[in-house]
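Both counts, for ligands and for their atoms, begin at 1 and track the order of listing.
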Amino acid sequence: MIADAPAWIDAAECLAPRTQAFVGGAFVPAASGATFADHSPRDGRWLADVARCGAGDVDGAVAAARAAFDAGTWSRCAPAERRRVLLRLADLVEARFDDLALLEALDVGKPIGEARRVDVPSAAACLRFYAEALDKVTGETAPVGPDALALVEREPLGVVGAVVPWNYPLIITAWKLGPALATGNSVILKPAEQSPLSALLLAELAAQAGLPDGVLSVLPGFGPEVGEPLGRHPDVDKVAFTGSVEVGRRFLVYAGESNGKAVSLELGGKSPQVVLADVADLDAAASAVAWGIFYNAGQTCHAGSRLVVERAVRDELLERVLATAAGLQPGDPLDPASTVGSLVGEQEAVRVLGAVEAARAAGAELLCGGERADPVPGGSYVRPTVLGAVAPGDPMVREEVFGPVLCVQDADDAEHAVWLAQDTPYGLAAAVWTREVATAHRVARRLRAGTVWVNTYDAGSLMTPFGGMRASGHGRDRSLHALDSYTQLKTTWVAL
Ligand code: NAD
């Protein structure tokens, strides 16, 4: 029972989400008529039967996307018109704030307070950012001499497939849709099978906002049945992918074996927070270390899943991290007071606890957690878990767990800390905590990561690019740079 439940929570009992695919401006069943059952990890309950799209639906959506692109109603319309529609979409996202937050909370077990505070406002802000940016970026004339005029301009790519994961369904979708639509592309969105509902409501809002038919399609379904045909389609110009390393690499194969389409990959991580002995504020570091991993139940690509700490401050820091972790226990995702919700499904809970057991069997010390919680019967909840004495090379320090599990690595000195921090295949994010400005910059330069934070964690803005190096992928979401990845350069050379 949720104390003082606001009225919007009652809606959970009578939720009637969109469940059909959205193609060519209309909601339609999958061509095969198939559906799949979407369950909530909050309590394991059935939420909806959702269209299970396949290759035929991909063909239909690509044809609609190409027709819209060629017709030019979006791709060649006045930038001010694109801005008007995208701003209206952002307004509609805000107008349906409660519904979107509720769908996110039910579909993936995210705390509704976080969905309302972060996920829905961030998605609206992102759409607004690209709407406002789209006519502020101009082309060039190249200095080619007196006898010619050379224009260098950016054009949309054409048909873009956006394949997204379930951990921040609305935010990551907005990161793709914002720049792709702002630059005039047609987009086929494939939400994760765990989280189709907010994407389908977004499609409804896009139509209401005035996006021309065919410019946006949403195809719910499974990876091999929708993602793969999209990745292999000869008339798709780019796939923007966020998800696991394994699937990201498959998209490179799909592209190579089809039309050589562009692929951008935002993949996983095993991000370290490096705390040096001269850290200025141990409380701030402890709080950032605990929130950095336990936020969203550890299901964040840039979760700070490793604490690399100099021995001199290890015990003092760890004591505070464990105290903060004790306060971040999973609660009912529909309770506005919950800060942490469920994992996305039962399979993930079993997998995460299995990884913890394997690390313990290899000699790691369980400092807290390592077990289920049960705030709502039938749900998939794991307590915040901290492991010490994890050996370098153990899968726990090298492989992404994607759950609420922090592993602690002890460093002899700053040099050793940098070495430990680098010892994974990934390069998504990292942090360094030190009071010395020069040390901060020296360490930050050496950490191979798309984002390095100094004396903070998980700070960001739409103005800063986000993405990874090495096994964490390539390509960047957010910022004006993202516009580049949905456009191509064209030179027009005019003889004078
Ligand atoms: P996933 O790779 O299993 O799935 C991502 C998407 O790919 C889903 O839509 C899925 O249906 C689709 N897919 C799955 N198999 C496919 C196949 N064979 N062919 C084509 N498409 C396929 O990832 P996930 O479990 O949904 O998300 C978790 C992963 O995402 C983690 O590794 C996490 O680190 C990563 N992630 C990265 C970022 C980032 O920006 N770097 C952000 C969020 C999540």
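- Distance check on atom 4 (O) of ligand 1: every protein heavy atom falls at or beyond the 4.0 Å cut-off.
- Among all non-hydrogen protein atoms, the one lying nearest atom 41 (N) of ligand 1 is L267 O, 2.6 Å.
- Under 4.0 Å from ligand 1, the heavy atoms of N167 that appear belong solely to its side chain.
- Annotation: atom 27 (O) of ligand 1 to nearest protein heavy atom, P165 CB, 3.3 Å.
- For ligand 1, the polar-atom distance check against W175 finds no nitrogen or oxygen pair separated by under 3.5 Å.
- Taking atom 22 (C) of ligand 1 as the reference point, the nearest protein heavy-atom neighbour is G223 CA, 3.2 Å.
- R351 and E348 are not joined by a salt bridge, as no carboxylate oxygen comes within less than 4.0 angstrom of a charged side-chain nitrogen.
- Set against the non-hydrogen atoms of V163, the atoms of ligand 1 under 4.0 Å away are 6 (C), 7 (O), 9 (O), 12 (C).
- Proximity of L428 to ligand 1, defined as any heavy-atom pair under 4.0 Å, is confined to the side chain (atoms from C-beta onward).
- Within the listing of ligand 1, atoms 37 (C), 38 (C), 39 (C), 40 (O), 41 (N) sit less than 4.0 angstrom from a heavy atom of E266.
- No side-chain donor-acceptor contact under 3.5 Å links Q488 and R154.
- Taking only non-hydrogen atoms, the option from F222, F466, Y254 nearest to atom 18 (N) of ligand 1 is Y254.
- The shortest N/O to N/O separation between S244 and ligand 1 falls below 3.5 Å.
- Between the side chains of Q299 and Y168, no donor-acceptor pair is found at a separation under 3.5 Å.
- For F241, every heavy-atom contact with ligand 1 shorter than 4.0 Å involves the side chain, none the backbone.
- In summary, the atoms of ligand 1 found under 4.0 Å from a heavy atom of V164, numbered by their order in the structure, are 6 (C), 8 (C), 9 (O).
- Protein heavy atom in closest approach to atom 11 (O) of ligand 1: E193 OE1, 2.6 Å.
- Side-chain N/O atoms of H233 and D59 include a donor and acceptor closer than 3.5 Å.
- Ligand 1 has no nitrogen or oxygen under 3.5 angstrom from a nitrogen or oxygen of T242.
- The proximity of V245 to ligand 1, defined as any non-hydrogen pair under 4.0 Å, does not occur for either the backbone or the side chain.
- Salt bridge annotation for R232-E228: present, with a cationic side-chain nitrogen under 4.0 angstrom from a carboxylate oxygen.
- Among G243, S195, G468, the residue whose heavy atom sits closest to atom 30 (O) of ligand 1 is G243.
- Atom 25 (O) of ligand 1 has W166 NE1, 3.0 Å as its closest protein atom, hydrogens excluded (heavy atom only).
- Ring to ring, F402 and W166 are close: their centroids are under 6.0 angstrom apart.
- Checking R306 against S271 by side-chain atom types alone, no donor-acceptor pair falls below 3.5 Å.
- By the criterion of a heavy-atom distance under 4.0 Å, neither the backbone nor the side chain of H302 is placed next to ligand 1.
- Heavy atoms of E400 found under 4.0 angstrom from ligand 1 belong exclusively to the side chain.
- Side-chain polar atoms of T173 and K176 form no donor-acceptor pair below 3.5 angstrom.
- There is no side-chain donor-acceptor pair under 3.5 Å between K110 and S342.
- Other residues, nucleotides and ligands place more than 12 heavy atoms under 6.0 Å from the CD atom of Q208.
- Panel note: side chain N185, backbone V187; no donor-acceptor pair is recorded below 3.5 Å.
- Closest to atom 28 (C) of ligand 1, if we only count protein heavy atoms, is F402 CE2, 3.5 Å.
- Scanning the protein heavy atoms around atom 42 (C) of ligand 1, the nearest turns out to be C301 SG, 2.9 Å.
- Qualifying side chain to side chain donor-acceptor pair (under 3.5 Å) partners for S264, counting only residues two or more places apart in sequence or in other chains: K238.
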